[in-house]
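In listed order, ligands and their atoms are each counted from 1.
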Amino acid sequence: MTLPRSSEALDLKGLLPEQLRQLAVEMGEAAYRGDQLFAWVHGRGETCLESMSNLPLRLRRSLAEAGARVTRLHLLERRDSGTGMAVKFIFGDGGGGQFESVLILDGRRRTLCLSSQVGCPLDCSFCATGRMGFVRNLTAAQIVDQLLQVHASAAAEGLGRITNVVMMGMGEPLLNYDAVTTALRLIQRPGGASVGGRRITVSTAGYLPGIRRLAEDNLNVGLAISLNATTDEVREGLMPINRKWTIADLLEAARYYFDRQGRRVTFEYVLLRGVTDTEEDAVRLAELTAEVPCKINLIPYNELPPGDPEAPVFRRPGRKRIEAFRRRLESRTKRTVRLRESRGRDIDAACGQLYRRPT
Ligand code: SAH
């Protein structure tokens, strides 16, 4: 194991407990000092080395001299949904970029939707984040800190701990693999946020090499694949990544994930009026997923504010059409089908609505 060393300062927030232990040993201290550091950073949210009172002064000084620090995201804005079911947190990345996390409150479940990148390179035609283009990858520390900060504010408001984490915010998590998986390891550790892998889901637009890698890693998290269409022709029109990896590739990858991880993949399917919500689509979706152990989440499209006049405009199907699609699908499949109503549409915090104009 090597410690990340770069000309930039060493961010302790992005290091695993074993890396912190190694760092302590390199500085001539006992290994357990690394665990204490982890508890300060991830358990208590401390960012000031000086304040870590149970660490020897010598170690605090050596860390500071080595350029170690603990970063903290800058919270720019918070928006509470009028429904009381969603809160959006807007953070600055320190370089003029902005990204968002969304807390979704649903009974006893408190799910935090995390961003993995500022913007996204995949350019899906129906998604607001795609319109931003790619700005930059978030670091492991920046991914974890979204959770630490929301945790802290939820605790202060008596809301209780975050119970579930989904990597479904801005960005394609599997294109920022190392930072995302380090963050998900950090999040799972006891003494830190301690959200277990059973309650973490990574969502991908279908970056196949990333899916295979995740299947082979022992990260123990759930996988969601944004399928969104039942023919390659339609999918290619919506998601350029389909030119490289097709629906058949994704079905095979989902099976591979199940074989390796023992967990059913969730297929997300966005209902776009007249594009993906036809009777034939419902039938094909049932057929495509018949041989793959999976669950299906239907997401009625959240319409975007007008943007580029050249860009295609998509519509949300009406209630009746959504219900008809669901019924038709359910009558043809043994898979669990859920209709996922996005929360927080009133604060632009619903699926596909995360967009920040570069400042
Ligand atoms: N890049 C990853 C993570 C983002 S998750 C992925 O594509 O899976 C965002 C989810 O919201 C995806 O399933 C996407 O298909 C869906 N989505 C995007 N724009 C949407 C919109 N306007 N309305 C509803 N769902 C949308």
Least distance between heavy atoms, Gly84 atom then Leu105 atom =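 In terms of heavy atoms, the two residues are closest at O-CD1, 3.6 Å.
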
Q) What closest approach, in Å, do Phe267 and Ala254 show between heavy atoms, and which atom pair accounts for it? A)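 Phe267 and Ala254 have their closest heavy atoms at CZ-CB, 3.6 Å.
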
Tell me, which pairs form a side-chain hydrogen bond (donor to acceptor under 3.5 Å, both in side chains) where one or both residues lie in residues 192-206, sequence neighbours left out?
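As it turns out, the side-chain hydrogen bond (donor to acceptor under 3.5 Å, both in side chains) pairs with a partner in residues 192-206, which skip direct neighbours, are Glu172-Thr204, Ser203-Glu268.
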
**Study point:** Residue of the set Val221, Ile225, Leu219 for which side chain to side chain contact (heavy atoms under 4.5 Å, CB included) holds with Leu223
**Key:**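 Checked Val221, Ile225, Leu219 against Leu223; only one passes side chain to side chain contact (heavy atoms under 4.5 Å, CB included): Ile225.
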
Notebook entry, point to check: With sequence neighbours left out, which residue pairs that include part of residues 286-300 fulfil the salt bridge (charged side-chain N to carboxylate O under 4.0 Å, His left out) condition?
Noted result: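 Residue pairs with at least one partner in residues 286-300: there are none.
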
Worksheet item: What residue pairs, at least two apart or across chains, pass salt bridge (charged side-chain N to carboxylate O under 4.0 Å, His left out) with a residue in residues 133-162?
Response: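 Counting only pairs at least two positions apart or across chains, the salt bridge (charged side-chain N to carboxylate O under 4.0 Å, His left out) contacts touching residues 133-162 are Lys13-Asp145, Arg78-Glu157, Asp93-Arg136.
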
Contact table ligand 1 N or O to protein N or O, d under 3.5 Å:
unit_1	atom_1	unit_2	atom_2	d
ligand 1	1 (N)	Gly171	O	3.1
ligand 1	1 (N)	Glu172	OE1	3.1
ligand 1	7 (O)	Ser226	OG	3.4
ligand 1	8 (O)	Ser203	OG	2.6
ligand 1	8 (O)	Thr204	N	3.4
ligand 1	8 (O)	Thr204	O	3.4
ligand 1	8 (O)	Ser226	OG	2.7
ligand 1	13 (O)	Ser226	OG	2.7
ligand 1	13 (O)	Glu268	OE2	3.4
ligand 1	15 (O)	Asn228	ND2	2.8
ligand 1	22 (N)	Asn302	O	2.9
ligand 1	23 (N)	Asn302	N	2.9
ligand 1	23 (N)	Cys351	O	3.2

